[in-house]
Amino acid sequence: MSDPVLSVRNLNIDYVGAETNFHAVKNVSFDIAPGEFFGLAGESGCGKSTIAFAVSRLHRPPALIRTGSEILVSGRDVLSLNDADLRKFRWREVAMVFQSAMNSLNPVLTIEAQFYDVLRAHGPISRAEAHARATELLKLVDIAPERLDNYPHQCSGGMRQRIVIAICLALNPKLLIMDEPTTALDVVVQREILQRIDVLRKKLGFSVLFITHDLGLMVQVSDRIGIMLEGELVEVNDAQTIYRHPQHPYTQQLWASMPKLHGEQTRREPVL
Amino acid sequence: MSDAILTLDNVTKVFGRADKPVYAARAVSFALHPGRTLALVGESGSGKTTAARLIMREYAPDEGRLLFRGVPLGKSDAKALRDYRSSVQMVFQDPFASLNPTHTIRYHLERPLKLHQKGLTAAQRQAAIVELLERVKLDPQLIMPKFPHELSGGQRQRISIARALAVNPQVIVADEPTSMLDVSVRQGILNLLNDMKAELKLALLYITHDIATARYVADDIMVMYAGQIVEWGAVDRVLDDPRHPYTRLLLSAVPDPDRRFDDVRFADELGRVEEIRTLSARPQPETAQAGDNHFYRPFPAV
């Protein structure tokens, strides 16, 4: 296997409190290979978003990464980057689509201006070049170039989400982090967006760290899946094993609590 | 069926300008029955919440009528509306926004009792609150003095249900009651709704975009798109043999671990998303029967 794009080793993160610390991420280690679609599943508060924020160094106090933790992106130590290197690292190496990404566009700027913003911050580029690049990127997510003149409120939620993804791909990142990217969207639009991501990562070769609590969806799109419980990574396996032969009792309980679409219907009791 | 408690009869609700009308409900008809759950599924903007608001009488229909116990509901004053709402209650989607952060749980449950059951003494009200909290499986002594922010999302949603039950309603409209909760917590709320329906003979309208949970709680299901009910019937008949292209599209998009994205089932529908949406948005006045208690609206011939 080639060297991993992302390598997380013994990651420990605390939320520091006045009297006690909350140990949110406990000794988590995993790798993501080039081109791999890796899913991280778990319930609210299990630490999955905290990991996503740490990987792109977006965590803020009171979140504190303990010494001894290691995050490597393409072999580079993310935790020791200085501010200048960090600025280059974000978007170029790792780009992130946030949970309410459709609301993360600036409402008073046109779509084109927002592309220009990102492109210009990472290297010299003329307006004309930026326009050409933005057109090309929008094409990837199947949006007409005329939309560049629009403001975010003129686009539907699904469209805004695709625009955010296009902006994230502007600098050819090696890793795309998606933190619950489609929870605010309806199932048909969700399906369209994830299918597109799947096609793009095969075409462009980037890896994906996909975070959601929807285990069914995760099995459909991911190559491998990690299951988190109270800050610990309790099981990592390929997607089909997680679905058909879950090893950890918690994974088994998660499946047991999900109603089925067809076949026998039994009363299901909540987990925990 | 004649035992319908609440009936929508050809109800239409239009928003927007006269030259550019948006049909939030187009000739919608359905009935709620005691002890039965009807699920209303569809994507955002399909008109599900409009249907709920019509039932709650927050909107008046532009055409058609509502019948409560067989009696058409006309224009009503504040008192008639209050009487109606002591029979028809609603549970909202967001358990964080639907409770008042400055009041205790006890206050939340006492108010509907004061308003709708005026004869009760303070001691009787106290007993009623305890009973309500026990019914939704919360510890009364522990929960009563708390404020909403001290409770989890699931606990808050249980309070919303207890509040709706406080007035002894016959109908409960639950609009996406679990969509903001974790999977594991979700299950407890769904079981609670199921138990309430059975024990109290409630007529339940369960509104959701999650078809799998709809199947779990509902006896019957309706699929809505662009204000129209495009397919309806017994839940398993509709889900096992979907006839309307939009129902099939919706089902194809439901996350299903048994199907990888490269699976070809329903590929036909997935390749025609825009076309199906356009056609589904047009008026579809015809009704076709697919089987016993299973109906759909075929696309009109072009």
Side-chain angles (χ1 to χ4, degrees), chain A residues 37 41-46 142 156-158 182-199 202 212-223 225 229 239-240 242-244 250 253-272, chain B residues 41-46 48 137 152-154 178-192 194-195 208-218 225 235-236 239-242 246 249-263 266-267 269-270 273-274 276-277:
Chain A
F37 206 120
E43 298 186 57
S44 322
C46 72
D142 210 17
S156 71
T182 55
T183 29
L185 304 170
D186 71 71
V187 281
V188 178
V189 176
Q190 164 176 291
R191 163 89 187 203
E192 281 179 298
I193 287 179
L194 286 172
Q195 222 158 5
R196 193 168 304 279
I197 293 279
D198 193 36
V199 169
K202 282 170 184 153
T212 181
H213 61 261
D214 190 335
L215 211 49
L217 179 67
M218 190 165 265
V219 168
Q220 273 186 305
V221 294
S222 304
D223 300 316
I225 291 174
L229 170 64
Q240 284 305 310
I242 290 278
Y243 176 45
R244 294 187 196 282
Y250 177 67
Q253 282 175 327
L254 275 181
W255 284 119
S257 73
M258 284 175 62
K260 286 197 170 112
L261 263 185
H262 303 283
E264 53 147 358
Q265 183 83 273
T266 49
R267 185 177 170 105
R268 286 153 195 277
E269 294 305 329
V271 199
L272 304 174
Chain B
V41 302
E43 61 184 42
S44 331
S46 59
K48 307 188 297 281
K137 314 238 160 32
S152 70
T178 62
S179 64
M180 296 186 65
L181 305 175
D182 273 323
V183 239
S184 62
V185 180
R186 197 173 289 182
Q187 211 51 38
I189 299 292
L190 294 177
N191 287 344
L192 184 62
N194 266 345
D195 295 344
T208 186
H209 62 259
D210 181 347
I211 300 187
T213 64
R215 177 170 183 250
Y216 187 75
V217 298
Y225 187 80
V235 69
D236 277 334
L239 297 188
D240 289 343
D241 183 23
Y246 182 71
L249 177 63
L250 203 56
L251 276 169
S252 72
V254 173
D256 181 349
D258 281 320
R259 294 201 318 256
R260 292 285 300 181
F261 266 15
D262 23 43
D263 194 317
F266 289 114
E269 271 75 22
L270 280 171
V273 174
E274 285 317 310
I276 290 171
R277 288 205 148 132

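Residue numbers begin at 1 in each chain, while the letters A, B, ... track the order of the sequences. From a predicted model like this one, the values you see are computed outputs, not experimental measurements.
Only the backbone of A:S222 has a heavy atom closer than 4.5 Å to any heavy atom of chain B.
Rounded to the nearest 0.5 Å, atoms CD (A:E192) and CD (B:E274) are 6.5 Å apart. The line from CG of B:L249 to CZ of A:R191 is 9.5 Å long, rounded to the nearest 0.5 Å.
Under the salt bridge (charged side-chain N to carboxylate O under 4.0 Å, His left out) criterion, A:D214 pairs with no residue at all, not counting sequence neighbours. Legend: residues meeting side-chain hydrogen bond (donor to acceptor under 3.5 Å, both in side chains) with B:T213, ordered by chain and number and at least two apart, are B:Y206.
In this structure, B:P255 and A:Q190 approach most closely via the heavy-atom pair CG-NE2, 3.6 Å. Here the shortest heavy-atom pairing between B:R215 and A:K260 reads NH1-O, 2.9 Å. Here the closest heavy-atom approach between residue B:Q187 and residue A:P259 is recorded as OE1-CD, 3.9 Å.
By the 4.0 Å N-to-carboxylate-O rule, A:R244 lies close enough to B:D258 to be salt-bridged with it.
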